[in-house]
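A short write-up of the structure that comes next.
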Amino acid sequence: MQNYMVQGRKRRFMMASDSLRETIREDGLRIITKRLPCTKRVRVAVEVGIGSAYDPPEHKGLWHFVEHMAFAGTKLRQSVDINIATSHSLLNFGAYTAKLGITYFGEAVYTRFHELCDLLFDVYLHPIFPKDKIKKEKEIICNEIVEHENNDRHNAYFALCNLLWRKNNPLRSFSAGTPRSVKRINRRILFNAFTKWYVPSNTIVIGT
């Protein structure tokens with residue numbers, strides 16, 4: 001697994017054991033791998049160090065929107081191709097936005113490790129933010145916001161955040177933003193945010 005992720009690049013090992021290893025490439029990408037001989041599944045997660053706490057005040061929900069659009073199409077695959085590959089080849093595949101990071105993940109039988117990596121890294125590295133998908137995705141996100149507003153568990157969590165953090169602390173905010181702020185986001189804003197922060201030095205890859 002380590003060889004697949006770092007091949008052709010100079011690297012240095014920061015921590016090594018029989019089963020656990022951390023590698024930091026020259027471009028700053030961190031790769032953490034753990035061997036689990038008791039299972040025939042492989043799981044890979046790619047995390048970027050940016051999340052909803054970093055949303056611009058006028059564009060709340062920006063990073064949640066970026067995460068959604070990664071599955072709308074890439075330079076190599078249309079959204080339908082991503083869905084087909086996910087349903088036919090993988091055990092699990094998805095992403096979620098937290099306050100301090102966005103995680104893309106996938107799980108597969110070990111014989112499909114290369115297919116998993118090809119798809120996961122393509123979604124992470126090469127989204128094209130197709131214009132014809134943006135309006136539809138806005139509707140999906142706005143529906144999610146409404147669903148959360150009517151969810152008791154979400155409301156309890158939001159109330160707890162209001163008690164824990166001061167009013168101007170970004171950790172109080174909800175990752176999906178508001179319908180009004182989401183509707184302000186356009187393709188240029190999405191692409192500029194992605195280009196600035198989706199870089200190797202702000203990325204961690206974890207493989208088991």
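Here the structure is a predicted model, which is why all the values come from computation and not from measurement.
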Looking only at heavy atoms, which two atoms of [X] and [Y] are closest? And how far apart?
| X | Y | value |
| --- | --- | --- |
| Gly106 | Phe93 | CA-CD1, 4.0 Å |
| Glu67 | Thr97 | OE1-OG1, 2.6 Å |
| Leu90 | Ala108 | CD2-CB, 3.8 Å |
| Asp55 | Gly61 | OD2-N, 2.8 Å |
| Pro56 | Leu62 | CD-CD2, 3.7 Å |
| Asn155 | His148 | OD1-O, 3.9 Å |

Checklist outcome for this item: Sorted by chain and number, sequence neighbours left out, side-chain hydrogen bond (donor to acceptor under 3.5 Å, both in side chains) with Thr86 holds for none
Next on the checklist: I'd like to check the side-chain hydrogen bond (donor to acceptor under 3.5 Å, both in side chains) partners of Asn162; sequence neighbours left out, ordered by chain and number.
Outcome noted: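 With sequence neighbours excluded, Asn162 shows a side-chain hydrogen bond (donor to acceptor under 3.5 Å, both in side chains) to Arg172, given in chain and number order.
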Backbone N or O of [Y] within a donor-acceptor pair of the [X] side chain at under 3.5 Å?
| X | Y | value |
| --- | --- | --- |
| Asn143 | Glu139 | yes |
| Asn192 | Ile189 | no |
| Asn202 | Trp197 | yes |

Next on the checklist: Applying side-chain contact (heavy atoms from CB on, under 4.5 Å) to Leu76 and Asp118, what does each step give before you reach the verdict?
Outcome noted: CA-CA 10 Å; Leu76 301 178; Asp118 285 341; over 6 Å; no
How far does [atom1] of [X] sit from [atom2] of [Y], to the nearest 0.5 angstrom?
| X | Y | atom1 | atom2 | answer |
| --- | --- | --- | --- | --- |
| Arg21 | Ile31 | CZ | CD1 | 11.5 Å |
| Glu22 | Thr33 | CD | OG1 | 9.5 Å |
| Arg43 | Leu36 | CZ | CG | 11.5 Å |
| Ile185 | His64 | CD1 | NE2 | 10.5 Å |
| Phe65 | Leu190 | CZ | CG | 5.0 Å |
| Glu137 | Glu144 | CD | CD | 8.0 Å |

Can you find a pair of side-chain heavy atoms, one from [X] and one from [Y], that are under 4.5 Å apart?
| X | Y | value |
| --- | --- | --- |
| His88 | Ile84 | yes |
| Val48 | Trp63 | no |
| Leu20 | Ile32 | yes |
| Pro127 | Met69 | no |

Do the side chains of [X] and [Y] join up, straight or via other hydrophobic residues, at under 4.5 Å, putting them in one cluster?
| X | Y | value |
| --- | --- | --- |
| Tyr96 | Tyr157 | no |
| Leu119 | Tyr110 | yes |
| Tyr198 | Phe121 | yes |
| Phe105 | Phe113 | no |
| Val199 | Val123 | no |

Next on the checklist: With side-chain contact (heavy atoms from CB on, under 4.5 Å) as the criterion, how do Phe191 and Ile128 come out once you've worked through the C-alpha distance, each side chain's angles and the decisive distance to 0.1 Å?
Outcome noted: CA-CA 8 Å; Phe191 189 78; Ile128 58 175; over 6 Å; no
Next on the checklist: Is a donor from one side chain sitting under 3.5 angstrom from an acceptor on the other, for Lys99 and Ser52?
Outcome noted: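 Side chains of Lys99 and Ser52: no pair found under 3.5 Å.
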Checklist entry - Which side chain to side chain donor-acceptor pair (under 3.5 Å) pairs, counting each pair once, include a residue from residues 177-186, with sequence neighbours left out? => result Thr178-Ser181
Item to check | Residues Ile206, Glu47; criterion side-chain contact (heavy atoms from CB on, under 4.5 Å); working and verdict | outcome: CA-CA 8 Å; Ile206 302 172; Glu47 179 161 335; 5.8 Å; no
Checklist entry - Could you give all pairs that pass the salt bridge (charged side-chain N to carboxylate O under 4.0 Å, His left out) test and reach residues 120-136, with sequence neighbours left out? => result Arg77-Asp122
Item to check | Pair listing, salt bridge (charged side-chain N to carboxylate O under 4.0 Å, His left out) test, anchored in residues 188-208, at least two apart | outcome: none
Checklist entry - So Phe129 and Phe194, side-chain contact (heavy atoms from CB on, under 4.5 Å) or not? Walk me through it. => result CA-CA 10 Å; Phe129 306 102; Phe194 167 81; 3.7 Å; yes
Next on the checklist: Taking CZ in Arg41 as the centre, count heavy atoms belonging to other residues, nucleotides or ligands within less than 6.0 Å. Is the count above 12?
Outcome noted: no
Checklist entry - In chain order, what residues pass the ring-ring contact (aromatic ring centres under 6.0 Å, His included) check against Tyr104, with sequence neighbours excluded? => result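 With sequence neighbours excluded, Tyr104 shows a ring-ring contact (aromatic ring centres under 6.0 Å, His included) to Tyr124, given in chain and number order.
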